[in-house]
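Chain A is the first sequence line, chain B the second, and so forth, proteins listed ahead of strands; every chain is numbered from 1.
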Amino acid sequence: RLLETDSKSLRSVNGSRRNSGSSLVSSSSASSNLSHLEEDSWILWGRIVNEWEDVRKKKEKQVKELVRKGIPHHFRAIVWQLLCSAQSMPIKDQYSELLKMTSPCEKLIRRDIARTYPEHDFFKEKDSLGQEVLFNVMKAYSLVDREVGYCQGSAFIVGLLLMQMPEEEAFCVFVKLMQDYRLRELFKPSMAELGLCMYQFECMIQEHLPELYVHFQSQSFHTSMYASSWFLTIFLTTFPLPIATRIFDIFMSEGLEIVFRVGLALLQMNQAELLQLDMEGMLQHFQKVIPHQFDSGPDKLIQASYQVKYNAKKMKK
Amino acid sequence: MGSAEEDYNFVFKVVLIGESGVGKTNLLSRFTRNEFNHDSRTTIGVEFSTRTILVGDAVVKAQIWDTAGLERYRAITSAYYRGAVGALVVFDITKHQTYDVVDRWLKELYDHAEPSIVVMLVGNKTDLAQAREVPMEEAKMFADNNGLLFVETSALDSTNVEEAFETILKEIFYKVQKQKQRSSQSNTVSLASENPASTAPAQAERRPCCVAL
């Protein structure tokens with residue numbers, strides 16, 4: 001019951017402050033002190049983490065909603081692991097052994113290490129700790145999944161995990177994401193799943209944004225020209241990290257559906273401009289304008305993406 | 001759609017292909033923006049840039065598609081070969097392996113592109129000459145034997161980048177012109193307006209013409 005009150009009150013803080021309920025958050029909001037809010041959200045997330053098994057079973061919906069508002073930075077590592085059930089995986093004990101082995105993908109992986117988050121402090125220096133652990137996790141994974149081995153794009157996901165947690169834990173979370181979040185299918189050598197995602201996304205455009213769909217068709221503007229990287233890196237190569245990390249929070253809790261949702265919300269919000277542009281103009285718009293449209297914060301985008309009607313049944317067909 | 005700089009006679013679609021890490025993205029940014037980025041990011045899928053240059057009297061817009069080099073991405077990237085009139089097959093002169101697979105890239109290209117596509121073999125990273133693994137003569141001979149244009153470049157210090165793109169665009173342009181001449185010989189009713197190069201480039205309301213060889 002505590003959680004319920006808290007999640008409600010947190011909502012009232014993030015949204016309007018009209019409701020001055022009886023909860024502790026709204027009382028502190030009167031002083032509109034940000035650090036208090038932070039503190040309260042820490043208390044709340046602390047409880048969630050401590051009572052995870054119970055909370056997950058009984059308050060699934062509330063947790064989802066809280067995640068959509070963003071997981072506090074200090075809780076990300078633990079919450080992401082809880083969300084994908086990556087704790088106490090037996091494979092974790094193999095990790096150090098895997099690092100002693102040689103992978104056929106090492107050369108390929110090496111080539112991309114310096115080209116993954118090249119501007120991020122943790123990864124930018126040659127032979128830095130960041131580059132080393134990124135290489136380690138990619139290599140370890142390529143050894144436990146010989147079919148996928150290494151695929152470009154996945155290093156951005158692992159890199160994000162490594163910004164939050166130690167390498168063994170990042171490795172476990174990545175294994176989970178590959179197995180349970182459709183990522184393995186996306187990165188398989190045939191990449192057939194990516195083709196399927198493109199097709200499904202196209203169907204959504206046709207249904208929800210028919211005018212834009214016709215425009216794309218008339219300009220021979222294919223979905224894969226702009227959306228491949230959305231799916232392969234969960235927007236990590238599209239938006240600046242603060243924005244992309246918030247989307248990734250939701251990905252951890254709800255899966256690939258969020259990519260479809262955010263993708264369609266983006267098209268919706270940009271529809272008027274896109275309709276005025278030819279193929280080249282649209283490509284430029286996707287490469288240059290859209291990445292910085294939400295620099296002031298992703299809340300508007302995330303809200304819009306939850307207004308998108310997503311038909312899970314239809315997608316399964 | 002359409003501004004002063006958008007007045008052109010031809011649009012040539014050119015693809016950049018070759019192994020991962022040979023410098024395709026930096027070749028493109030050097031040519032289209034005169035930029036080189038030491039911290040270049042892995043290309044996921046395809047990226048795209050354009051630049052308009054003068055070839056003879058004609059204004060030619062190069063529409064250049066930069067593709068991911070990793071093998072499994074070819075299923076996606078090969079879709080972009082369609083309609084391309086030019087291709088730069090890039091390798092890294094300091095990594096022999098990236099040259100060894102040029103054959104496979106060519107096969108991939110000819111499987112999906114028009115047979116008349118103009119292809120240039122590009123040995124990139126001449127600024128790292130002390131680490132060279134592919135002798136220039138060897139690559140040049142390979143190019144000659146396979147009917148490819150050839151150049152060595154450095155996207156880092158700009159050597160030959162401009163020349164590489166200019167050469168291939170000129171070659172495409174002449175090929176188009178020749179083809180036009182041939183078709184106008186065999187077809188006497190061809191209209192003057194079908195020959196964009198004969199019209200002044202700055203003429204207003206000219207519709208760009210996309211050329212497939």
> Between A/M279 and chain B, which part of the residue has a heavy atom less than 4.5 Å away: side chain, backbone, both or neither?
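It is the side chain, since no backbone atom gets that close.
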> With a cut-off of 3.5 Å and sequence neighbours excluded, list every side-chain donor-acceptor pair involving residues 101-110 of chain A.
from, atom 1, to, atom 2, distance (Å)
A/S103, OG, A/C105, N, 3.0
A/S103, OG, A/S142, OG, 2.7
A/E106, OE2, A/S103, N, 2.8

> Between B/K140 and B/E152, is there a side-chain N and carboxylate O pair less than 4.0 Å apart?
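No, this pair does not count.
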> Salt-bridge test for A/R184 and A/E147: reply yes if a basic N is under 4.0 Å from a carboxylate O, no otherwise.
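Counted as a salt bridge, because a side-chain N and a carboxylate O are separated by less than 4.0 Å.
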> Please determine, among A/P189, A/G195, A/A192, A/S229, the option with the most heavy-atom pairs under 4.5 Å with chain B.
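Sorted descending by pairs with chain B, the first entry is A/P189.
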> Given that the side chain runs from C-beta out, which part of B/Y73 has a heavy atom under 4.5 Å from chain A: side chain, backbone, both or neither?
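Both backbone and side chain.
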> Give the ring-plane orientation class for A/F231 versus A/F260, where under 30° counts as parallel, over 60° as perpendicular and anything between as tilted.
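The rings of A/F231 and A/F260 stand perpendicular, inter-plane angle above 60°.
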> Do side-chain atoms of B/H112 reach the backbone of B/K107 as a donor and acceptor pair under 3.5 angstrom?
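Looks like no, no N/O pair under 3.5 Å.
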> What part of A/F156 gets closer than 4.5 Å to chain B, counting heavy atoms only: side chain, backbone, both or neither?
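The answer is the side chain of A/F156.
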> Taking only heavy atoms into account, what residues of residues 159-167 of chain B are found under 4.5 Å from chain A?
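The residues closer than 4.5 Å to chain A amount to none at all.
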> Of the backbone (N, CA, C, O) and the side chain (C-beta and beyond), which part of B/S40 lies under 4.5 Å from a heavy atom of chain A, both, or neither?
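When you check distances to chain A, only backbone atoms of B/S40 fall under 4.5 Å.
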> Below 4.5 Å from any heavy atom of chain A, which atoms of B/I76 appear? Answer side chain, backbone, both or neither.
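The side chain, not the backbone.
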> Enter the distance from A/L241:CG to A/R246:CZ here, rounded to the nearest 0.5 Å.
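A/L241 CG to A/R246 CZ: 14.0 Å, rounded to 0.5 Å.
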> Checking heavy atoms, do the side chain of B/E71, its backbone, both or neither come under 4.5 Å from chain A?
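Neither; nothing under 4.5 Å.
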> Would a line drawn from the ring center of A/Y226 to the ring center of A/F221 be shorter than 6.0 Å?
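Yes, they do, as the ring centres are separated by less than 6.0 Å.
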> Heavy atoms only, distances under 4.5 angstrom: which of A/S190, A/A155, A/A114, A/C151 has the most pairs with chain B? Name it, please.
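It is A/C151.
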> Please round to the nearest 0.5 Å and tell me the distance separating atom CG of B/L16 and atom CH2 of B/W65.
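So the gap between those two atoms works out to 12.5 Å.
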> Looking at A/M191, A/K124, A/K188, which makes the most heavy-atom pairs under 4.5 Å with chain B?
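Of the candidates given, the most pairs with chain B belong to A/M191.
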> Can you confirm if the aromatic rings of A/Y117 and A/F122 lie within a centre distance of less than 6.0 Å?
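Between A/Y117 and A/F122, which both carry aromatic rings, the centre distance is not below 6.0 Å.
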> Just verifying a value: how many Å separate B/R72 CZ and A/Q152 CD, rounded to the nearest 0.5 Å?
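Between atom CZ of B/R72 and atom CD of A/Q152 there are 9.5 Å.
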